[in-house]
Amino acid sequence: MDELELIYPSLDMKEDILQYKEEHFKYGDMQVHGTGGLAYYDDLDEWLEHIETIRKGNLDAGIKTSTFFSRRVSDGKLIGCVKLHHSLNEELKNGGHIAYGIRPSERGRGYGIKQLKLILGFAKQEGLTQVIVACDKDNIASAKTAIGCGGISVKEFEEDGVMKQHYLIELKGI
Ligand SMILES: CC(C)(COP(=O)(O)OP(=O)(O)OC[C@H]1O[C@@H](n2cnc3c(N)ncnc32)[C@H](O)[C@@H]1OP(=O)(O)O)[C@@H](O)C(=O)NCCC(=O)NCCS
């Protein structure tokens with residue numbers, strides 16, 4: 001498995017981002033996980049603008065949200081997408097600090113854990129001491145990704161008829 005690096009989305013990645021998005025639909029995913037709604041934007045420029053705006057903290061009651069692609073160092077392929085809410089409010093607290101996805105064709109190869117470790121390092125650099133990762137209780141791959149990065153199950157709850165879990169990850173040891 002190759003190394004990953006986190007990069008901010010930018011217009012010069014347009015073709016790669018569109019392919020990344022399309023691959024999800026091709027595999028039957030209706031969402032492009034961790035991207036802050038890329039699936040719902042027909043215009044990539046608008047999505048990039050949105051990502052840039054929330055990075056500065058102008059949305060979600062001033063909460064900053066950093067969104068990255070993870071790129072494979074060896075060949076530059078976009079492998080996953082991950083976002084960090086730098087803090088939480090009432091509206092965001094069930095969803096946790098971090099959301100992530102790996103492109104369908106690259107799942108199950110260890111990239112999910114690798115990508116989560118990278119964003120945890122970033123979160124620590126940004127001054128966070130712990131983060132919450134939320135996932136549906138039946139999303140075993142997501143739960144194991146959180147657990148693989150030190151996540152401890154701290155809460156189970158129902159939201160809109162779906163059982164969810166919170167994993168707490170302490171950043172001290174990262
Ligand atoms: C969740 C996701 C990011 C994991 O990424 P990944 O690259 O497939 O994960 P990894 O290969 O790093 O594996 C992480 C752990 O999950 C396990 N795993 C991976 N795919 C699995 C599957 N389909 N079923 C059960 N376990 C699985 C791995 O065995 C590993 O556990 P281990 O360390 O105990 O062996 C990826 O499956 C994905 O994008 N899913 C769709 C989006 C999503 O659900 N996002 C999370 C929303 S909360």
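Computed from a predicted structure; not experimentally measured. Both counts, for ligands and for their atoms, begin at 1 and track the order of listing.
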Mark yes or no for whether Y111, through its side chain, and L4, through its backbone, hold a donor-acceptor pair below 3.5 Å.
no
If you measure from the Lys or Arg side-chain nitrogens to the Asp or Glu carboxylate oxygens, is any gap between D16 and K21 under 4.0 Å?
no
Tell me whether I102 has any N or O atom under 3.5 angstrom from an N or O of ligand 1.
yes
If the threshold is 4.0 Å, N to carboxylate O, is there a salt bridge linking R109 and E106?
yes
Can you tell me which residue and heavy atom of the protein come closest to atom 19 (C) of ligand 1, and the distance to 0.1 Å?
A141 CB, 3.8 Å
Test of proximity, Y100 against ligand 1: N or O pairs below 3.5 Å:
yes
For the pair R107 (side chain) and I102 (backbone), establish whether a donor and an acceptor sit closer than 3.5 Å, ignoring hydrogens and angles.
yes
Between K155 and F157, is NZ or CZ placed under 6.0 angstrom from the six-membered ring centre and within 45° of the ring axis?
yes
Short check: is a protein heavy atom less than 4.0 Å from atom 39 (O) of ligand 1?
yes
Counting only heavy atoms on the protein side, is anything nearer than 4.0 Å to atom 12 (O) of ligand 1?
yes
Parallel, tilted or perpendicular for H50 and Y41, by the 30°/60° rule?
parallel
So if I count the atoms of ligand 1 from 1 in the order they appear, which ones are less than 4.0 Å from some heavy atom of G101?
39 (O)
For atom 37 (O) of ligand 1, closest protein heavy-atom neighbour
R107 CD, 3.6 Å
Are any of the N/O atoms in G108 less than 3.5 Å from those in ligand 1?
yes
Below 3.5 angstrom, do we get any N/O pair linking R109 and ligand 1?
yes
Give yes if a backbone or side-chain nitrogen or oxygen of N139 is under 3.5 Å from a nitrogen or oxygen of ligand 1, and no if not.
yes
Taking H85 for the side chain and K64 for the main chain, is one N or O donor matched with an acceptor at less than 3.5 Å?
no
Provide, to 0.1 Å, the distance between atom 28 (C) of ligand 1 and the closest protein heavy atom, together with that atom's residue and name.
K144 CD, 4.6 Å
List ligand 1 atoms under 4.0 Å from Y111, heavy atoms only on the residue side.
7 (O), 12 (O)
Atom 2 (C) of ligand 1 has as its nearest protein heavy atom T145 OG1, 4.3 Å
Residue, atom and distance of the protein heavy atom nearest atom 33 (O) of ligand 1 read I113 CD1, 3.7 Å
Does the H97 side chain pair with the main chain of I132, one donor and one acceptor, at a distance under 3.5 Å?
yes
Per-atom contacts, ligand 1 versus A134 - under 4.0 Å to a heavy atom:
48 (S)
Within the 6.0 Å centroid threshold, strictly below: Y8 and F69:
no
Could you tell me whether some N/O pair between G112 and ligand 1 is separated by less than 3.5 angstrom?
yes
Test item: W47 side-chain N/O and Y40 main-chain N/O as donor-acceptor pair under 3.5 Å
no
Has the side chain of K164 got a donor or acceptor atom that lies under 3.5 Å from a matching backbone atom of A134?
no
Exam field: side chain Q115 to backbone C81, donor-acceptor pair closer than 3.5 Å:
yes
Taking both backbone and side-chain atoms of G110, is any N or O found less than 3.5 Å from an N or O belonging to ligand 1?
yes
Does atom 6 (P) of ligand 1 have a protein heavy-atom neighbour under 4.0 Å away?
yes
What protein heavy atom lies closest to atom 25 (C) of ligand 1? Include the residue and the distance to one decimal.
I140 CG2, 3.9 Å
Could you tell me, atom by atom, which parts of ligand 1 come under 4.0 Å of a heavy atom of C135?
48 (S)
